[in-house]
Number of protein chains: 2
Amino acid sequence: MTDAINTILKKSSLSVTPGRSAILQLFHQSDGALTHAVIEEKTGDQFDRVTIYRTLQVFVEKGLIHTIPSPDNSILYALCKEDCSEGHHHDNHIHFICDKCNTTYCLDHITTPYIALPNGFKTNQTDVLIKGLCAQCNL
Amino acid sequence: MTDAINTILKKSSLSVTPGRSAILQLFHQSDGALTHAVIEEKTGDQFDRVTIYRTLQVFVEKGLIHTIPSPDNSILYALCKEDCSEGHHHDNHIHFICDKCNTTYCLDHITTPYIALPNGFKTNQTDVLIKGLCAQCNL
DNA sequence: ACTGTAATGCAACTATGTTGCAAAATTTAT
DNA sequence: ATAAATTTTGCAACATAGTTGCATTACAGT
Ligand SMILES: [Mn+2]
Ligand SMILES: [Mn+2]
Ligand SMILES: [Zn+2]
Ligand SMILES: [Zn+2]
């Protein structure tokens with residue numbers, strides 16, 4: 001399993017280090033999005049804050065993860081499941097944040113809708129963020 | 001004009017102070033959304049940072065302004081043009097951020113679309129954020 | 001004008017994120 | 001396998017954003 005993770009790193013021409021392996025594995029193990037703080041905690045504080053910041057940055061640049069605009073003003077990161085590559089993200093799916101358990105899901109199969117804008121406005125990117133109750137919390 | 005502003009404050013049962021008047025007037029004068037930093041600058045640094053934070057908080061609580069989730073991780077505030085009141089916001093419009101001039105617009109007449117979610121998921125609130133070029137910058 | 005209440009300013013603190021640089025680890029070449 | 005070249009890491013220092021407690025000041029109702 002760690003081998004698969006390291007293969008991904010090498011495919012993105014990133015050197016394999018304990019920090020990068022652990023963080024990428026963490027993303028593959030969790031179904032929701034992660035914040036810097038959660039990553040720091042779940043890796044048992046073995047890595048420096050700065051290392052985690054830089055790892056997340058490089059993962060975004062390489063198209064391994066993408067950021068999610070959140071209402072509570074802390075950056076969320078999630079795996080790119082589509083064919084994103086270096087400098088080219090294609091994450092046009094919507095995001096869902098559960099009000100109860102606070103998990104953020106990438107709803108990969110629901111694409112962002114087309115929205116007509118007033119005259120003169122040009123759309124580059126559409127982000128949809130839905131808050132509510134997830135399937136687990138809505139029982 | 002300052003009278004109109006103060007009337008709004010009194011209607012929300014807020015005491016009228018120089019800071020609140022100035023900040024609320026600033027919102028009524030600008031067509032886009034404002035950040036804490038911009039407010040601090042545009043009021044000529046006459047008010048303490050903390051006062052501005054607390055003023056924005058109380059304006060949100062009273063339904064005078066609403067926050068906008070932004071991708072660059074700084075809270076944006078904009079006037080509520082609808083019938084929002086204390087503890088009850090009804091801002092179901094979409095937001096637009098210009099990539100060039102960085103202005104954030106409330107597109108009040110464009111309501112958020114209905115989006116079908118997977119089984120079990122329940123929508124409480126939908127936020128749509130579109131990035132692109134505004135009418136001024138798209139010439 | 002007086003008085004009770006609410007808002008302000010200041011200081012201190014927490015949280016989040018960035019940058020420079022030397023030491024350590026990884027990769028590549030020998 | 002060893003060594004050189006390149007990257008990555010950790011530390012310190014810094015920057016920005018936001019919060020809290022408390023004494024002082026301003027406001028609103030009488
Ligand atoms: Mn996503
Ligand atoms: Mn708005
Ligand atoms: Zn949930
Ligand atoms: Zn513009």
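All chains are named by letter (A, B, ...) in the order of the sequence lines, taking the proteins before the strands, and each is independently numbered beginning at 1. Heavy-atom basis, side chains included; hydrogens, waters and symmetry copies ignored.
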(message) If the helix axis at each end comes from five base pairs, how far does the helix from C/dA1-D/dT30 to C/dT30-D/dA1 deviate from straight, to 10°?
(response) 40°

(message) As a quick check of understanding, evaluate side chain to side chain contact (heavy atoms under 4.5 Å, CB included) for A/F59 and A/I23, giving each step before the final call.
(response) CA-CA 10 Å; A/F59 280 5; A/I23 293 173; 4.1 Å; yes

(message) Just to verify, what does B/Y105 make a ring pair (Phe, Tyr, Trp, His ring centres under 6.0 Å) with, not counting sequence neighbours?
(response) A/F121

(request) Using whole Å, report how far CD of A/E61 lies from C1' of D/dT7. (result) 14 Å

(message) Holding to ring pair (Phe, Tyr, Trp, His ring centres under 6.0 Å), I want the full list of residues that pass it with A/H66, two or more places apart in sequence or in another chain.
(response) A/H93, A/H95

(request) Take atom CD of B/E41 and atom P of D/dA17, then tell me their distance rounded to the nearest Å. (result) 12 Å

(request) Starting at atom CG of B/D48, determine the distance to atom P of C/dA11, rounded to an integer number of angstrom. (result) 10 Å

(message) Please report the distance, rounded to the nearest Å, between CG in B/L56 and P in C/dA7.
(response) 14 Å

(request) Select from B/R49 and A/T51 the residue whose nearest nucleotide in DNA chain D is closer to the 5' end of that strand. (result) A/T51

(request) Sorted by first residue and then second, give each salt bridge (charged side-chain N to carboxylate O under 4.0 Å, His left out) pair with at least one member in residues 48-66 of chain A; sequence neighbours left out. (result) A/K62-A/E86

(request) Let me have a per-nucleotide readout for nucleotides 19-30 of chain C, 5' to 3', with B, S or -, counting only protein heavy atoms under 4.0 Å. (result) BB-----SS---

(message) Strictly distance-based, threshold 3.5 Å: is any side-chain N or O of B/S30 a donor or acceptor partner for the main-chain N or O of B/L26?
(response) yes

(request) Among residues two or more places apart or on two chains, list those pairs meeting salt bridge (charged side-chain N to carboxylate O under 4.0 Å, His left out) that have a residue in residues 12-33 of chain B. (result) none

(message) Under a 3.5 Å distance rule, please check whether A/N138 uses its side chain to pair with a backbone N or O of B/G120 as donor and acceptor.
(response) yes

(request) Let me know the distance between CD1 of A/I52 and P of D/dT9, rounded to the nearest Å. (result) 10 Å

(request) Verify, without hydrogens or angle tests, whether B/T43 (side chain) and B/E40 (backbone) share a donor-acceptor contact under 3.5 angstrom. (result) yes

(message) Output the rounded distance in Å from NZ (B/K62) to P (C/dA6).
(response) 11 Å

(request) Measure the CG-CD1 distance between B/L64 and B/I8 for me, rounded to the nearest 0.5 Å. (result) 7.5 Å

(request) Return the value, rounded to whole Å, for the distance between atom OH of B/Y53 and atom C1' of C/dG9. (result) 15 Å

(request) Using whole Å, report how far NE2 of A/H36 lies from C1' of D/dA17. (result) 16 Å

(message) Below the 4.0 Å mark, does D/dT8 have OP1 or OP2 next to a side-chain nitrogen or oxygen of A/R20?
(response) yes

